[in-house]
Amino acid sequence: MMRFSFMRKQGGSHPEEEKERTRQLKIEEATVPKVLIFPVSMHIGAPAKPIVEVGDQVKVGQMIAEAGGFISANIYSSVSGEVIAIEKRPSASGDVDSIIIKNDYEYIQGEPIVEPGKSKEMSTDDIIETVRKAGIVGMGGATFPTAVKLSPPPGMTIDTLIINGAECEPYSTSDNRVMIEHADEIVEGIQVIRKLFPKLKKVYIGIEDNKPDALKSMRKATEGMRNVVVQPLKTMYPQGSEKGLIQSMTGREVPPGGLPAEVRCVVMNTSTIRACYQACELGEPLIERIVSVSGTPITEPKNLRVRIGTPMDSLIEDCGGFSEVPGKVLSGGPMMGKPVSDLGVSIIKGTTAITVLTPEEANEGEEKDCIMCSECLNVCPVSLQPILISDAFDRGNLEKAKELGAMDCIECGNCSFICPSKIPLLDNIRAAKAAIKEQEAG
């Protein structure tokens, strides 16, 4: 089992980092498989709508599904080849309609989404439209469509841009390697995005102090840049939560249910802002990302550059397979990741890591009655009462769960990990949130 120490006053914890397996490992190219799977729901919001049919030939960077609404995102093929099926396939969130493409290994390139080399000439509307067209979403795991985030409601002025390089999830080092190996592209992304906010006063790049190489790399890349601060952060989980990061950086507090824009802030993950540069300057849609593959049963952990749509089993094979029988495989890390039972689940835009635990590490123990210890309250970074929300959901009282702040949960997983009674608090709260959203949708 993962061991913890706790920061009761601030709300948070210190899980074992487990990053040493991949922290110093350079990004390698992942094998591109014969068949790739593209779920049409790989973002928050409405599923994308397929615009290809079975039998169609597609190119690298060709749109295969278009945004299904204002809060949605386009999806592009990461290979050239043939659409061989459009059907439900397993994902980390259940069976999802997916576009299946057979790779022809020719990698015929489609047209760029904008003319390359013109980002400095773009208007604010051009930038927003290009980010939207590229299908960019929050790549730290949140998967909220970035073009929407970059378009705050009228009357809200943004004066602070925060780049989230905290990467507090145990095992994951994908953002760490992006900051070390692609700092220049992150900086170019900042230069593109800051044009959207004429009243911007400060750009913070927040990085936990357990990433000295990333801190050094980003400081070097931003040297001489006006009003850009590379800020070391205390290593604590979940330091990278959006609202917590805003408070750490600026002292401002986002109200419950509120948006960062309400306190004049926009927060973007390091890989997300890099993707904005690649879209606006290079004309490239979002078709790949960096993924950490780690855990005790993994023979050779790695950081891999992965084409979206690649099944997990292909990456595990790239890492030499399993050295022992795994107890649990997670899409993501052990705190916020979702368990998968089918290794055919594909890498999507928000997949930061694949984490594999031994049976002993994965042993969650038998669920017991709550002992009223209040530990879940102590470690909640947004000051909720997880056990009461979970209880309300168990009783079918969605109104009570909503009243207790279920929708404000950031799904960090602290409550489940600390609970001595092994109550699946995070699972219950996630289910409550999904049920509330379904109820409100009518």
Side-chain angles (χ1 to χ4, degrees), residues 7 10-13 43-45 71 73 131 136-153 156-169 172 174-175 178-179 186 189-190 193-194 196-197 200 202-208 229 231-276 332-333 335-337 349-350 352 379-384 386 405-415 426 429-430 433:
M7 297 294 294
Q10 296 179 7
S13 62
H43 49 260
I44 287 176
I71 301 180
V131 170
I136 298 171
V137 301
M139 295 175 70
T143 69
F144 188 81
T146 301
V148 179
K149 175 179 277 195
L150 295 176
S151 306
M156 290 188 180
T157 299
I158 302 301
D159 65 18
T160 304
L161 173 63
I162 298 174
I163 309 305
N164 186 352
E167 196 171 43
C168 52
E169 181 77 48
S172 180
S174 51
D175 280 344
V178 168
M179 289 186 284
I186 294 171
I190 290 171
I193 297 304
R194 72 190 308 174
L196 299 176
F197 309 116
L200 197 70
K202 191 78 87 174
V203 178
Y204 289 104
I205 303 172
I207 305 172
E208 282 194 329
V229 176
Q231 181 65 51
L233 303 169
K234 185 173 183 178
T235 299
M236 183 183 74
Y237 184 85
Q239 184 68 267
S241 68
E242 188 171 64
K243 293 181 180 180
L245 201 58
I246 290 171
Q247 191 163 24
S248 296
M249 297 282 93
T250 69
R252 303 171 193 173
E253 188 168 346
V254 180
L259 300 171
E262 293 178 41
V263 292
R264 307 184 303 284
C265 292
V266 165
V267 181
M268 298 180 71
N269 170 264
T270 52
S271 293
T272 308
I273 201 157
R274 177 180 174 236
C276 291
M335 300 297 286
M336 297 184 75
K349 298 174 183 180
T352 59
V379 298
C380 178
V382 288
S383 302
L384 300 179
M407 302 310 291
D408 290 322
C409 172
I410 63 172
E411 301 184 21
C412 69
N414 268 341
C415 55
L426 176 57
I429 295 172
R430 277 176 169 160
K433 290 172 72 174

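FYI, side chains are in, hydrogens and waters are out, and symmetry mates aren't considered; it's all heavy atoms of this structure.
Side chain of Ser172 to main chain of Glu169: no donor-acceptor pair is present (N/O by atom type, distance under 3.5 Å, no hydrogens or angles). In this structure a side-chain-to-backbone donor-acceptor pair under 3.5 Å is missing from Gln247 to Gly244. Thr352 places no side-chain N or O within 3.5 Å of a backbone atom of Gly141 that could act as its donor or acceptor partner. Side-chain atoms of Lys234 do not come within 3.5 Å of backbone N or O of Gln239 as any donor-acceptor pair. With Asp175 contributing its side chain and Glu167 its backbone, the two residues share no donor-acceptor pair below 3.5 Å. Remark: the backbone N or O of Gly138 is not paired with any side-chain donor or acceptor of Thr272 at under 3.5 angstrom.
Inter-residue side-chain proximity for Leu245 and Tyr204 is flagged as unmet; no heavy-atom pair is nearer than 4.5 Å. Taking 4.5 Å as the limit, some side-chain heavy atom of Ile193 sits within range of a side-chain heavy atom of Met268. The shortest distance between side-chain heavy atoms of Cys276 and Ile136 falls below 4.5 Å. A 4.5 Å side-chain heavy-atom check between Arg264 and Thr250 finds every atom pair outside the cut-off. You'll find the side chain of Leu150 reaches within 4.5 Å of the side chain of Phe197, heavy atoms only.
Partners of Arg252 according to the salt bridge (charged side-chain N to carboxylate O under 4.0 Å, His left out) rule, which considers only residues two or more places apart in sequence or in another chain, are Asp159. Residues passing the salt bridge (charged side-chain N to carboxylate O under 4.0 Å, His left out) test with Glu411 are Arg430, Lys433, sequence neighbours excluded.
Pairs engaging residues 139-148 under the side-chain hydrogen bond (donor to acceptor under 3.5 Å, both in side chains) rule: none recorded [sequence neighbours left out].
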